[in-house]
A.B. asks: 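Shown below is the structure under consideration.
What's counted below: heavy atoms across the whole structure, side chains too, no hydrogens, waters or symmetry copies. None of these values were measured; they are calculated from a predicted model.
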Amino acid sequence: MNRHEVAALLAYVDRLDPGRAPTDKAAAGERLIQWATLLEHVPSAAQHPDGRHWDASRIAVRHIATSPYPIKPSDIGRPWEAYRADVIGRHYDPAPAVDPDNEAAYRAALRSTRHAVAVGALPPTPQHAIEGRPSPIRAVRDAAAARRLAELGTYVPREVADDLADFRPRQAVRESLAANGLPDPLDVDCPYEQCRARAGKPCQGGGKHRFDRAPHPSRLDAATVRHYAQETAV
């Protein structure tokens, strides 16, 4: 979304939930800058050829209708990443018409192709149409997933890890996020002042009696930004 699209989305959010709207122009301007920066890669709407539809305003409506918490950029960004991964994961993406030996040009074309498929601007190539021919984008995605799994310390066979999932739920969640190419909040330090959990460690709640808790929203935001930055560098 560009700045104007983000501004329109925020105006819509404020009409739906006026009690949480900024009270002065300075606060509204800071919020616009933050949202425009964090949601630059997220389209306002996308229609995929298979009939699925993405609409950021509908995601905002759903959040405001179902959550007691103020809406944040990650409440739009996370659903988009899930939608994008689902769209790309269902198809073999068309390989860009660029010489693979020209690595810089090929990677740039690959990034553009992936985004175009996700937003519905480019039709995907069905699996049966290229049966027996390797998909470059799938190879890149699989390599990234394998790297993340290796960093998590997956030294046992995949089927054994699946059997152990119930006994190590945190590791199972992280492995699932890695395998599906989704942001992992435990990849980054928690920026929340009262937590500050280091990468790889769960967020902490409570006062004197600390306990593990779900990742803080600011950590989810940081992980989403980091994940997207790494993907665009592929």
Side-chain angles (χ1 to χ4, degrees), residues 1-48 52-88 111 114-116 118-120 173-174 177-178 180-197 199 202-203 205 213-234:
M1 285 184 281
N2 59 39
R3 190 183 182 95
H4 295 295
E5 290 171 326
V6 172
L9 176 62
L10 288 173
Y12 183 55
V13 165
D14 290 343
R15 286 198 300 271
L16 294 176
D17 193 8
R20 290 187 170 132
T23 56
D24 57 70
K25 289 186 177 181
E30 290 178 2
R31 183 182 63 161
L32 176 57
I33 292 173
Q34 179 199 42
W35 280 59
T37 300
L38 294 175
L39 298 180
E40 183 181 15
H41 66 289
V42 179
S44 59
Q47 179 68 52
H48 201 265
R52 278 173 293 172
H53 182 66
W54 163 264
D55 188 333
S57 64
R58 293 181 63 182
I59 299 298
V61 168
R62 185 179 309 138
H63 176 87
I64 294 170
T66 60
S67 173
Y69 301 106
I71 190 168
K72 310 179 302 301
S74 61
D75 295 321
I76 305 295
R78 280 201 305 274
W80 163 249
E81 292 298 338
Y83 173 91
R84 177 177 176 274
D86 181 60
V87 167
I88 294 178
R111 289 195 299 269
R114 290 206 305 184
H115 183 72
V119 301
V173 169
R174 299 196 70 194
L177 292 171
N180 288 284
L182 297 173
D184 180 356
L186 267 64
D187 278 346
V188 299
D189 296 344
C190 180
Y192 182 51
E193 185 67 34
Q194 297 181 22
C195 177
R196 297 295 189 186
C203 284
R213 53 150 288 159
H216 289 99
S218 56
R219 192 178 197 180
L220 294 171
D221 288 342
T224 299
V225 171
R226 177 184 184 272
H227 177 78
Y228 179 70
Q230 289 183 330
E231 278 209 341
T232 55
V234 171

A.B. asks: Apply side-chain hydrogen bond (donor to acceptor under 3.5 Å, both in side chains) to Arg62 and list each qualifying residue two or more places apart in sequence or on a separate chain.
C.D. replies: none
A.B. asks: Tell me, do Tyr12 and Val61 make a side-chain contact under 4.5 Å, heavy atoms counted?
C.D. replies: yes
A.B. asks: With a 4.5 Å heavy-atom cut-off, do His63 and Asp17 have their side chains touching?
C.D. replies: no
A.B. asks: Check the pair Ser57 / Leu9 against side chain to side chain contact (heavy atoms under 4.5 Å, CB included), numbers first and verdict last.
C.D. replies: CA-CA 6 Å; Ser57 64; Leu9 176 62; 4.3 Å; yes
A.B. asks: Sequence neighbours excluded, which residues qualify as side-chain hydrogen bond (donor to acceptor under 3.5 Å, both in side chains) partners of Thr37?
C.D. replies: none
A.B. asks: Under a 4.5 Å cut-off applied to non-hydrogen side-chain atoms, are Arg213 and His216 in contact?
C.D. replies: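 Yes; the side chains approach each other to less than 4.5 Å.
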A.B. asks: Could you tell me whether Gln34 atom CD has more than 12 heavy atoms of other residues or ligands within 6.0 Å of it?
C.D. replies: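 Yes.
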A.B. asks: Side chains of Arg196 and Cys190, heavy atoms from C-beta outward: is any pair under 4.5 Å?
C.D. replies: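 Heavy-atom side-chain distance check fails, nothing below 4.5 Å.
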A.B. asks: Between Arg226 and Asp187, is there a side-chain N and carboxylate O pair less than 4.0 Å apart?
C.D. replies: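 Salt bridge between Arg226 and Asp187, a charged N being under 4.0 Å from a carboxylate O: yes.
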A.B. asks: Would you mind reporting whether Asp14 and Pro22 have side-chain heavy atoms less than 4.5 Å apart?
C.D. replies: yes
A.B. asks: Using side-chain heavy atoms (C-beta onward) and a distance below 4.5 Å, is Arg78 in contact with Pro183?
C.D. replies: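 A side-chain contact is absent here, since even the closest heavy-atom pair is not under 4.5 Å.
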A.B. asks: Between Pro215 and Leu220, which heavy-atom pair has the shortest distance, and what is it?
C.D. replies: CB-CD2, 4.0 Å
A.B. asks: Provide the closest heavy-atom pair for Asp189 versus Ala199 in the form atom of the first, atom of the second, distance.
C.D. replies: OD1-N, 2.7 Å
A.B. asks: Hey, does Ile76 have a side-chain heavy atom less than 4.5 Å from the side chain of Trp35?
C.D. replies: yes
A.B. asks: So, do Val42 and Trp54 sit near enough that their side-chain heavy atoms are less than 4.5 Å apart?
C.D. replies: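 Touching, per the 4.5 Å side-chain cut-off.
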A.B. asks: Verify, without hydrogens or angle tests, whether Arg219 (side chain) and Tyr192 (backbone) share a donor-acceptor contact under 3.5 angstrom.
C.D. replies: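 Absent.
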